[in-house]
J.: 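The structure follows.
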Amino acid sequence: MADDKLMTMREAIAQYVNDGDTIYLAGLSHLVPFAAAHEIIRQRKRDLVFCRPTPDILLEQMLSVGILRKVEFCWAGNPGIGNLRVFRRVVEKGLPFPVEIEEYTMFGFTARLLAGAMNLPFMPVRTNIGSDLPAKNPKIKTIQDPYGGETLSVVPALRPDVSILHVQRADRGGNAQVWGITSDHRDAAFAAKRVIISAEEIVDEAVIRADPNRTIVPDFLVSAVVHEPFGAHPSYAQGFYDRDNDWYQEWDRLSADQAAVDAYVAEWIDGVPDRAAYVAKLDEVTKAKLQIEPAWSGQISYGVYK
Amino acid sequence: MADDKLMTMREAIAQYVNDGDTIYLAGLSHLVPFAAAHEIIRQRKRDLVFCRPTPDILLEQMLSVGILRKVEFCWAGNPGIGNLRVFRRVVEKGLPFPVEIEEYTMFGFTARLLAGAMNLPFMPVRTNIGSDLPAKNPKIKTIQDPYGGETLSVVPALRPDVSILHVQRADRGGNAQVWGITSDHRDAAFAAKRVIISAEEIVDEAVIRADPNRTIVPDFLVSAVVHEPFGAHPSYAQGFYDRDNDWYQEWDRLSADQAAVDAYVAEWIDGVPDRAAYVAKLDEVTKAKLQIEPAWSGQISYGVYK
Amino acid sequence: MTDYTRAEMMVVAAARELRDRDVVFVGVGIPTLATILAKRTHAPNLWLLTESGIVGAMPTRLPLSIADPCLVTGTQAIVSTVELFSLYLQRGWIDVGFLGGAQVDRFGNINSTVIGPYEKPAVRFPGSGGACEIASLSKRTMIIMPQGKRRFVEKLDFLTTPGYLTGGDARQRAGLLGGGPSVVVTDLGLFRFDPVTKEMYLATVHRGVTVDQVRENTGWDLRVAEDLQVTPDPSEEELRVVRELDPTAHFLSREA
Amino acid sequence: MTDYTRAEMMVVAAARELRDRDVVFVGVGIPTLATILAKRTHAPNLWLLTESGIVGAMPTRLPLSIADPCLVTGTQAIVSTVELFSLYLQRGWIDVGFLGGAQVDRFGNINSTVIGPYEKPAVRFPGSGGACEIASLSKRTMIIMPQGKRRFVEKLDFLTTPGYLTGGDARQRAGLLGGGPSVVVTDLGLFRFDPVTKEMYLATVHRGVTVDQVRENTGWDLRVAEDLQVTPDPSEEELRVVRELDPTAHFLSREA
């Protein structure tokens with residue numbers, strides 16, 4: 001049984017994200033930790049190394065306020081829509097703020113995190129061969145198999161200072177459960193020095209213990225737990241709400257103009273004190289549109305053993 | 001949607017286990033595939049390489065009929081009881097039949113299987129250092145980390161010809177779900193060329209698809225599905241029945257005498273045509289004793305997305 | 001015969017390349033559309049997998065992204081991303097890797113990284129994502145993209161994703177486990193690869209398209225099959241399903 | 001003061017070495033008994049992990065094996081075996097590795113493999129299981145075993161599980177990440193390790209045991225603490241819990 005770690009996002013970010021940190025924001029395009037990212041922007045944490053396989057619009061917003069030193073990634077697009085326009089400006093023209101980039105493939109990137117989670121210095125991967133990427137990223141190396149003698153590509157472990165995960169439910173100690181797409185959540189937590197969990201629901205520890213096979217992160221890894229309903233909007237939370245696809249399309253239009261992006265940040269991130277205010281500010285039609293009907297999993301029995 | 005692969009254990013073993021095969025019997029002391037092991041004995045498949053982290057009493061029974069060429073393992077004991085007496089006779093005296101042994105630690109053994117499942121030639125592990133084991137097992141080698149230069153122990157991939165898993169439930173195509181201890185089930189399936197699933201329950205595919213996060217093995221990996229209630233007795237199946245601990249203690253007494261083991265094999269393995277007959281032969285008091293009350297997991301919602 | 005667009009022809013021709021019981025690792029957009037089309041017509045038992053870790057999806061709508069929740073509810077299994085890449089793809093369980101891209105060359109190599117120099121690109125695309133390994137490790141790769149001289153290029157600005165590399169046995173010598181591209185489908189025609197040289201050739205043209213038109217939209221001296229055929233027209237059924245899946249032609253108009 | 005056996009003293013003394021909020025990786029049998037005792041007395045918030053992948057177990061009975069289902073129902077998380085060894089143990093999350101063994105030497109190295117030559121042993125034990133890595137990677141290792149000359153040996157027949165190897169900084173030089181043995185508890189006394197030489201010394205004797213008795217049951221010239229103490233007696237509460245957990249003294253009689 002762990003301590004009660006429930007706190008506000010403001011407290012969690014203030015306490016556990018430092019200037020200069022390597023931060024990992026978990027989730028493919030599911031459970032994207034937008035609430036946490038916005039608080040990092042509000043607090044203007046500086047000089048960050050941003051790690052995320054599919055950086056998404058989080059990245060656009062962080063790039064726009066110049067708090068990143070470097071981006072480590074494998075696919076920087078607007079998922080299902082197209083390119084990331086701020087990211088393009090940054091990489092193509094160094095505007096509004098230049099950053100360093102470190103690029104991998106999806107397998108390479110997630111294998112780096114697995115190596116970090118397993119505390120191995122590297123992970124061999126059967127990719128990168130024939131690609132131009134290793135020539136542009138000297139951290140992609142090769143190794144000799146001591147059994148068959150084969151040469152394998154290897155990627156170095158990724159060990160974030162802090163990983164931030166949005167999940168469906170957690171208890172106050174930090175036991176966290178995720179269903180649907182689990183993407184990189186588990187490895188992000190195990191690879192990191194510190195873990196911040198934000199959750200759609202805070203549940204009693206007994207709910208977690210009734211179904212231990214669903215637990216992705218155990219409490220003793222976790223530094224902070226934040227209750228953040230709708231914390232993944234505009235992305236989705238399986239079983240809770242749908243993706244706000246109109247918003248993603250709107251971003252594609254809006255982000256053609258950096259001034260419009262800056263205005264968005266001023267209004268929707270800096271202009272609100274926290275996630276609750278952001279949610280209150282969203283119009284009711286949008287919120288209604290994202291509601292879904294339940295589809296139940298069914299129950300299994302663990303059995304009483306005495 | 002896969003073919004209907006439901007068949008009897010006799011058919012599954014006849015068709016998918018060949019003389020000379022490397023066989024992997026999955027499960028730590030949970031969901032031990034006793035039904036399958038007994039059928040392999042009945043069919044007197046020969047010259048097998050037997051792989052299992054905790055070989056357990058399955059191994060005792062197979063060693064007693066001389067169908068094994070080699071045993072790969074990491075802990076050969078009677079779980080919670082003590083030593084394996086047949087195994088001791090085999091290793092100490094070459095009786096009743098000699099076998100070759102290849103020994104690892106638990107981490108090394110399961111890391112071998114993970115490497116096989118991932119199709120890597122090896123897996124680095126931070127163990128074996130300082131132990132006498134690498135001197136006795138030349139397959140435990142070392143590798144140089146190309147980043148920090150550190151020397152790491154490595155173990156070679158394990159790639160069974162056939163893996164056999166007992167699970168709580170599966171559909172007729174082979175989608176298999178396990179809860180409680182999942183031990184080595186997933187990796188055993190992915191590392192193998194062929195997979196035989198035996199299940200306490202055969203369920204409709206819709207039951208599987210109602211809770212896809214519980215699926216350990218997808219249908220297209222699976223060669224055969226066998227409906228085998230009580231298929232893990234005398235071990236346990238979480239949520240279905242308890243371990244028959246009296247039986248494990250009885251084995252400890254009985255196996256002091258090889259003739260008693262041979263008589264057991266004659267009566268309980270060769271003497272019955274299949275698992276159903278074995279279960280029918282078990283006394284009612286034992287069966288009643290192993291029954292348990294349910295402890296439900298609760299349900300989660302995946303949500304309807306249209 | 002019903003009228004149809006070349007983009008519709010493209011997606012139908014690609015769908016036909018999928019076989020029943022294929023295990024298909026798809027990218028979002030047109031590959032997913034073609035795969036669902038195949039599953040709803042001639043290949044009901046194919047398995048649809050996405051890099052978000054979804055195995056055996058039965059989507060109720062055209063997914064908006066690789067992690068659209070409509071892929072999740074009712075699927076048969078879900079694993080983490082690195083598990084999908086290692087246990088499924090690297091392990092050799094994927095029959096078909098189905099990809100798009102920004103540029104392709106005559107050996108089926110793909111660029112989805114940059115136009116111009118990597119360090120200071122004229123255009124920065126999203127990057128590989130899983131494309132490099134999907135093409136490296138699937139038993140066969142299918143490529144779908146609209147055709148044009150700036151897309152079918154003599155030399156890629158960046159080789160993101162290996163096809164047959166420099167052709168011949170270059171791919172095999174490099175040690176890539178998967179079989180390489182089996183087909184490229186565009187809005188003008190369908191291309192296959194010479195079994196020895198591994199160079200792409202035009203195998204069929206869509207109805208109303210001339211070989212010259214295809215050549216004008218290809219950045220190298222294109223080879224053409226001696227027995228060049230016309231791509232069989234979409235059936236009523238195929239068109240019905242495509243239009244049901246993408247009623248506003250959102251995907252088809254954007255990318256083709 | 002209530003009467004108690006030396007085996008009971010052993011398990012109580014070991015339990016006291018566990019601290020509240022320790023993450024404890026236990027082997028079955030006496031280590032589990034001592035860990036549950038600690039959890040039910042002075043260390044209610046310790047985490048109990050087993051190599052079968054159970055994290056944070058709250059067992060309702062004394063588990064019969066590492067995979068007893070009573071460890072599973074109501075636990076907080078379950079992972080596969082290789083995940084427990086890699087993500088938890090190798091990653092450095094385990095505070096205490098709690099082990100038994102057949103033989104121990106003065107530097108806390110353990111044998112649980114064979115007596116006699118490996119290839120043709122006089123006695124074959126089960127082998128390492130997870131012991132080698134648990135002792136290699138936990139922040140500290142606790143060892144519990146009954147004492148005797150054939151168990152406390154000058155030279156192990158086989159080094160299954162590293163303690164301080166040849167003593168001094170040998171363990172560190174070998175590159176083992178975990179801190180090494182912090183204590184050995186037997187039915188005669190409690191042993192700690194010299195901070196420099198890493199040699200085991202007798203720190204406390206259980207009530208009624210003499211130093212000579214301990215020496216007679218040790219296969220080397222044993223060092224003894226200058227300020228040797230008597231192990232504090234079990235409390236009523238500790239004895240009550242031990243006897244509730246193991247009412248027939250099944251574990252305690254068998255192994256001690």
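Below, chain A is the first sequence line, B the second, and so on; all start at residue 1.
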J.: Is any side-chain heavy atom of C:S136 less than 4.5 Å from a side-chain heavy atom of A:I129?
T.: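 A side-chain contact under 4.5 Å is absent here.
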J.: With chain C, which of A:K93, A:R126, A:M123 has the greatest number of heavy-atom pairs at distances under 4.5 Å?
T.: A:R126
J.: So do A:E103 and C:T113 actually touch side chain to side chain, heavy atoms under 4.5 Å?
T.: yes
J.: For chain C, find which of A:S131, A:S297, A:A295 contributes the most heavy-atom pairs closer than 4.5 angstrom.
T.: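 Top option by heavy-atom pairs under 4.5 Å: A:S131.
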J.: Using a cut-off of under 4.5 Å for heavy-atom pairs, which of C:G53, C:S52, C:G130, C:A174 has the most such pairs with chain A?
T.: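 Most heavy-atom pairs under 4.5 Å with chain A: C:S52.
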J.: When rounded to the nearest 0.5 angstrom, what distance separates OG1 in C:T81 from CG in A:D187?
T.: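 Answer for the OG1-CG pair, C:T81 versus A:D187, is 9.5 Å.
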J.: Determine yes or no for a side-chain-to-main-chain donor-acceptor pair under 3.5 angstrom, with C:E133 supplying the side chain and A:M106 the backbone.
T.: yes
J.: Say you draw a straight line from CG of C:D68 to CG of A:D242; how long is it, rounded to the nearest 0.5 Å?
T.: 6.5 Å
J.: Do you know which of A:G108, A:A237, A:G180 has the most heavy-atom pairs with chain C at a distance under 4.5 angstrom?
T.: A:G180
J.: Quick check for you: among C:K120, C:E83, C:R124, C:E119, which has the greatest number of heavy-atom pairs under 4.5 Å with chain A?
T.: C:R124
J.: Above 12 or not: heavy atoms from other molecules or residues under 6.0 Å from NZ of C:K155?
T.: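 No, the 6.0 Å shell around NZ holds no more than 12 heavy atoms from other groups.
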J.: Let's test your reading of the structure: which of C:G127, C:S86, C:G74, C:S128 forms the most heavy-atom pairs below 4.5 Å with chain A?
T.: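 Sorted descending by pairs with chain A, the first entry is C:S128.
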J.: For the residue pair A:E92 and C:V114, establish whether any side-chain heavy-atom pair is separated by less than 4.5 Å.
T.: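 Counting from C-beta outward, A:E92 and C:V114 never come under 4.5 Å.
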J.: Can you tell me which portion of C:A131 sits under 4.5 Å from chain A's heavy atoms? Options are side chain, backbone, both or neither.
T.: neither
J.: Would you say the side chain of A:L133 lies within less than 4.5 Å of the side chain of C:T160, judging by non-hydrogen atoms?
T.: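 Sidechains of A:L133 and C:T160: no contact.
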J.: Return the option, out of A:L113, A:L28, A:T151, A:L114, with the maximum number of heavy-atom pairs under 4.5 Å with chain C.
T.: A:L28
J.: Checking heavy atoms, do the side chain of A:I292, its backbone, both or neither come under 4.5 Å from chain C?
T.: neither
J.: Any heavy-atom pair between the side chains of C:Y118 and A:V91 that's under 4.5 Å?
T.: no
J.: Please classify the contact between C:L177 and chain A as side chain, backbone, both or neither, with a heavy-atom cut-off of under 4.5 Å.
T.: side chain
J.: Could you look at A:F109 and say if it's the side chain, the backbone, both or neither that has a heavy atom under 4.5 Å from chain C?
T.: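 Neither; nothing under 4.5 Å.
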J.: For chain A, which candidate among C:A170, C:A122, C:A135 shows the most heavy-atom pairs at distances under 4.5 Å?
T.: C:A122
J.: Go through the atoms of A:Q249 and report whether side chain, backbone, both or neither lie under 4.5 Å from a heavy atom of chain C.
T.: side chain
J.: Using a cut-off of under 4.5 Å for heavy-atom pairs, which of A:V125, A:T127, A:T110, A:D132 has the most such pairs with chain C?
T.: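 The option with the most such pairs is A:D132.
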J.: Considering heavy atoms only, which positions within residues 72-79 of chain A lie below 4.5 Å of chain C?
T.: A:F73, A:C74, A:W75, A:A76, A:G77, A:P79
J.: Taking C-beta and beyond as the side chain, do C:V72 and A:I181 meet within less than 4.5 Å on heavy atoms?
T.: yes
J.: Write down the atom of C:C132, the atom of A:N128, and the distance for their closest heavy-atom approach.
T.: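 For C:C132 and A:N128, the tightest heavy-atom pair comes out as SG-N, 3.8 Å.
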J.: Check each atom of A:F107 against the heavy atoms of chain C and say whether the ones under 4.5 Å are side chain, backbone, both or neither.
T.: both
J.: Might you confirm whether atom CD of C:Q172 has over 12 heavy atoms from other residues, nucleotides or ligands at distances under 6.0 Å?
T.: no
J.: Top residue by heavy-atom pair count (under 4.5 Å) with chain C, among A:R186, A:H30, A:E150, A:K136?
T.: A:K136
J.: Identify which part of C:P162 has an atom lying under 4.5 Å from any heavy atom of chain A, answering side chain, backbone, both or neither.
T.: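 Side chain of C:P162 only, per the 4.5 Å heavy-atom cut-off to chain A.
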J.: For A:S29 versus C:S65, what's the shortest heavy-atom pair and its separation?
T.: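 Smallest interatomic distance, heavy atoms only, reads OG-OG, 3.3 Å.
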J.: Looking only at side-chain N and O atoms, does A:Q238 offer a donor or acceptor that is under 3.5 Å from a partner on C:T73?
T.: yes
